[in-house]
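See structure below.
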Amino acid sequence: EPEVTQTPSHQVTQMGQEVILRCVPISNHLYFYWYRQILGQKVEFLVSFYNNEISEKSEIFDDQFSVERPDGSNFTLKIRSTKLEDSAMYFCASSGELYEQYFGPGTRLTVT
Amino acid sequence: DAKTTQPPSMDCAEGRAANLPCNHSTISGNEYVYWYRQIHSQGPQYIIHGLKNNETNEMASLIITEDRKSSTLILPHATLRDTAVYYCIVRVGKGYSTLTFGKGTMLLVSP
């Protein structure tokens, strides 16, 4: 069964450093998303991406964040200068013409 | 998106049916009811969705009341692996519309 994959599973970085989280969505899907979940809190929407541009973003997704689909398979989330409060699980998701979103296993980002 | 109300926690004995309720009294005519679950910080997993008719798949059944103000997710024979947080979400039924997660219901399945 096709699945969304994410790398790395765990990323440790120092405050102020740039990180890139990588996702490979399901191959025939058209819509891509990033969500995050701070430990013990709700899953929060960050951004959605369709046809090579952002279709929607939340207030969390400020200028420190960017997304890119550099080739036909990868979808990346970049955090330009990490803060302690960026520590969270980051989930990538994708969906096709049908309505359900499929999530990856997540990347645990720890900012020290 | 309309808001949903779910009990914070429920218990179920292994092998019994788990019935998880959800209230969504302000749901709009074009909004679907979706259920996802999250097993211990893994990525949320899609379970089922419906508009107004009852739905069943290999994982669960979804019962939506006639006025669409509430629904029940049924896991017919719960196993220990069904222990998870279950989220009821209402959203417009388009592929690109976002999911707004609440706190969900923590279902604990015990032997």
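- In summary, of the residues considered (B:Ile47, B:Thr83, B:Thr105, B:Leu73), a side chain to side chain contact (heavy atoms under 4.5 Å, CB included) with B:Arg37 occurs for B:Ile47 alone.
- In this pair, A:Phe49 and A:Phe75 present their aromatic rings tilted. The plane angle is within the 30 to 60° band.
- Expressed to the nearest 0.5 Å, how far CD of A:Gln6 lies from CZ of A:Phe103 amounts to 10.0 Å.
- In this structure, the portion of A:Phe91 lying under 4.5 Å from any heavy atom of chain B is its side chain and not its backbone.
- Using a 4.5 Å cut-off between heavy atoms, A:Phe32 does not touch chain B at all.
- Of the atoms belonging to B:Gln45, not a single heavy atom falls under 4.5 Å from chain A.
- Ranking A:Phe45, A:Tyr102, A:Tyr50 against chain B, the residue ahead of the rest is A:Phe45, based on heavy-atom pairs under 4.5 Å.
- Side-chain N or O atoms of B:Thr65 include one that pairs as donor or acceptor with a backbone N or O of B:Ser70 at under 3.5 Å.
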